[in-house]
Amino acid sequence: MGSIKILAILLVLGGGFGLAYGRFSYTKETHEARIGPLDLSVKDKENVNIPEWIAAAALGAGVLLLLVGDRRNT
């Protein structure tokens, strides 16, 4: 499997997930303190929104790369 085909599949999967979910979140540990026997930490939950047009463009580019890659091999 060529590198273009792998990239195309990743773009299709990423674009599909972007259109299906639209955002993802992750937890980031920002501060931590140890005071004697106490452990204190602050965790922030971050949200990342994925614009629909970027997800659709990635999906379209992946499909286009798959089609062009198949035509080059024949």
Side-chain angles (χ1 to χ4, degrees):
M1 187 180 299
S3 60
I4 299 237
K5 199 168 201 176
I6 292 172
L7 176 65
I9 291 170
L10 290 175
L11 283 171
V12 168
L13 290 174
F17 283 128
L19 286 174
Y21 294 110
R23 74 171 124 156
F24 65 93
S25 62
Y26 63 95
T27 304
K28 180 171 81 170
E29 192 167 319
T30 56
H31 301 289
E32 187 175 327
R34 292 188 180 146
I35 304 169
L38 296 175
D39 286 335
L40 304 171
S41 65
V42 176
K43 296 180 182 180
D44 291 335
K45 188 172 184 180
E46 300 283 334
N47 291 320
V48 178
N49 293 324
I50 302 169
E52 289 180 1
W53 66 271
I54 290 178
L59 182 64
V63 169
L64 186 65
L65 279 175
L66 280 175
L67 293 175
V68 169
D70 282 343
R71 288 191 179 173
R72 286 181 128 194
N73 291 334
T74 56

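- Annotation: side chain of Leu66 is in contact with side chain of Lys5 (closest heavy-atom distance under 4.5 Å).
- Nearest heavy atom pair, residue Gly15 against residue Ala58, reads CA-CB, 4.2 Å.
- Using a 4.5 Å cut-off between side-chain heavy atoms of Ile, Leu, Val, Met, Phe, Trp and Tyr, with links allowed through other members, Leu67 and Ile9 fall into the same hydrophobic cluster.
- For the residue pair Gly62 and Ala8, the shortest heavy atom distance occurs at O-CB, 3.5 Å.
- Nearest heavy-atom pair, Gly18 versus Ala55, reported as atom, atom and distance to 0.1 Å: C-CB, 3.7 Å.
- Note on Phe17 and Ile54: separate hydrophobic clusters, where clusters join Ile, Leu, Val, Met, Phe, Trp and Tyr whose side-chain heavy atoms are under 4.5 Å apart, directly or indirectly.
- Transitive grouping of hydrophobic side chains (ILVMFWY, heavy atoms separated by less than 4.5 Å) keeps Leu59 and Ile50 in distinct clusters.
- Note: Leu65 CG to Leu10 CG = 11.0 Å, rounded to the nearest 0.5 Å.
- Between Tyr26 and Val48, the closest side-chain pair of non-hydrogen atoms falls below 4.5 Å.
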